[in-house]
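Contents: one structure, followed by commentary.
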Amino acid sequence: MGATDAKAARPPYSLWQMVQYFTKLGTIGFGGPVALVGYMQRDLVEERKWISENDYKEGLTLAQLMPGPLAAQLAIYLGYVHYGITGATVAGVAFVLPSFIMVVALGAAYVAYGGLTWMQAVFYGVGACVIGIIALSAYKLTTKSIGKDKLLWPIYLVAAAVTIVTESEIVWIFLISGLLVWLVRAPPKRWFPKGGGAALVGFGSLGDHLPTACAVATTTEWSVLAQIGVFFAEAGAFVFGSGLAIVPFLYGGVVNEHHWLTERQFVDAVAVAMITPGPVVITVGFIGYLVAGFAGASVAALATFLPCYLFTIIPAPYFRKHGKKPAIVAFVDGCTAAAIGTIAGAVVVLGKRSITDIPTIAILAVTLLVLWKMKKIPEPAIVALAAVAGLIVYPLVKG
């Protein structure tokens, strides 16, 4: 179904309601990409029933297959489902803008007061709490999408294991998983014609040109804003996965290659992203501000999110039109299983960095207990309490 047909279907919500929802999610949605995609499923699919389960799965798969930040791409796709490019655009802006404003404000405070000395204490508590939020979201996604499917479970487990071992998200895992389920459940009537794999070969060869592009960016005497634009466009266009994958890429360029920030400043930038709502990748706004003020923050954010926007709206019509065919459904199921396995693996990877002692274990346990038993307490309130706990406990533990 194309965008025109989707509009004709009269969705049960207005475009303004969608904008309001994503503005709110971008303002109070804590927990990083895993939690955010879980919130979208809970709110838009299960509770409000604005988006069908199939449309959500298609969007999640597309977001995993395309490079760029996962949660932002899913928001853009869900905006596209019933309102086309207009819906995609306003949903994306509404989702990203609140957290961008927050990190710019924190960047201004950071520059003005010489660093966020309390940030480590807050992150100590919030980091453990966030792991609990992510873990519960991953559990819900697993039980709902994998269930008791004997074909999808091995794919899920392999994807989780690869993520834990490599500490990164590998796009080929999604592609191979999709192809495997497709071949098992809806095998083609005839094999590909000679040279049919050319698209994949061409896609893979794209990476061969990245060092050249990076070399041009670093050796040419461009202005700082131009360098920021090129570097963060590369981050948005060539890094697959979510904040888990983009942080090492940013570290290599920002600290080691361009020497824009010190290691301490970069760690603070990541901490800012984790304690603010919205997409984790919005840390690019904080980094850009430290390098070149508000102009640097704006260029960094635009350069990072523009590629993911294009990588979502350009293939979206084809997903909408052909997404119900058995072969596509099977491919989507395989990719989704791998995507959720990767999310589960990310919980372990991130947890190893945030759950480091008895107090953080206690904060994690309390978070899970509250989320499981007291469902009416909003996540931002839980995160705020964890921040207070961090401010109290951290000096005692680390002092």
Side-chain angles (χ1 to χ4, degrees), residues 19 22-27 29 32-33 36 67-73 75-76 79 85-86 88-113 115-116 213-214 217-218 220-239 242-243 246-247 249-255 257-262 265-266 268-313:
V19 170
F22 278 113
T23 301
K24 181 179 179 181
L25 185 63
T27 303
L36 290 169
L70 174 69
Q73 284 176 300
I76 292 168
I85 292 177
T86 300
T89 305
V90 298
V93 172
F95 180 58
V96 172
L97 190 58
S99 54
F100 173 75
I101 294 172
M102 292 180 202
V103 297
V104 166
L106 287 171
Y110 190 97
V111 171
Y113 300 109
L116 302 172
C214 294
T218 54
T220 305
E221 294 296 328
W222 291 344
S223 69
V224 173
L225 286 180
Q227 291 181 45
I228 290 173
V230 170
F231 172 73
F232 286 103
E234 289 178 355
F238 299 124
V239 176
S242 55
I246 203 171
V247 167
F249 181 91
L250 293 178
Y251 176 84
V254 170
V255 177
E257 183 180 342
H258 292 289
H259 305 291
W260 285 330
L261 302 184
T262 64
Q265 288 174 321
F266 184 81
D268 287 346
V270 175
V272 165
M274 289 299 293
I275 69 164
T276 51
V280 170
V281 179
I282 201 60
T283 189
V284 300
F286 184 87
I287 294 171
Y289 189 94
L290 297 192
V291 178
F294 181 75
S298 301
V299 170
L302 182 62
T304 302
F305 285 99
L306 183 59
C308 87
Y309 169 77
L310 296 176
F311 280 131
T312 303
I313 64 168

Indicate the atoms forming the closest heavy-atom contact of Trp260 with Gln265, along with that distance.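 In this case the closest contact between Trp260 and Gln265 is O-OE1, 4.3 Å.
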What are the two closest non-hydrogen atoms of Val104 and Ala297, and how far apart are they?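 Between these two residues, the closest heavy atoms are CG2-CB, 3.9 Å.
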Would you compute the distance between atom CG of Leu36 and atom CZ of Phe22 and round it to the nearest 0.5 angstrom? 10.0 Å
Starting at CD1 of Ile76, measure out to CD1 of Ile313 and round the result to the nearest 0.5 Å.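 One finds 8.5 Å between CD1 of Ile76 and CD1 of Ile313.
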Exercise answer: donor-acceptor pairs, residues 301-312 side-chain atoms, under 3.5 Å, sequence neighbours excluded:
| unit_1 | atom_1 | unit_2 | atom_2 | d |
| --- | --- | --- | --- | --- |
| Thr304 | OG1 | Ala300 | O | 2.8 |
| Tyr309 | OH | Thr89 | OG1 | 2.6 |
| Thr312 | OG1 | Cys308 | O | 2.7 |

Side-chain donor-acceptor pairs of residues 275-296 under 3.5 Å, sequence neighbours excluded:
| unit_1 | atom_1 | unit_2 | atom_2 | d |
| --- | --- | --- | --- | --- |
| Thr276 | OG1 | Val272 | O | 2.8 |
| Thr276 | OG1 | Ala273 | O | 3.3 |
| Thr283 | OG1 | Ala269 | O | 2.9 |

Identify, with sequence neighbours excluded, every residue that meets side chain to side chain contact (heavy atoms under 4.5 Å, CB included) alongside Thr27.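 Result, side chain to side chain contact (heavy atoms under 4.5 Å, CB included) vs Thr27: Thr23, Pro98, Met102.
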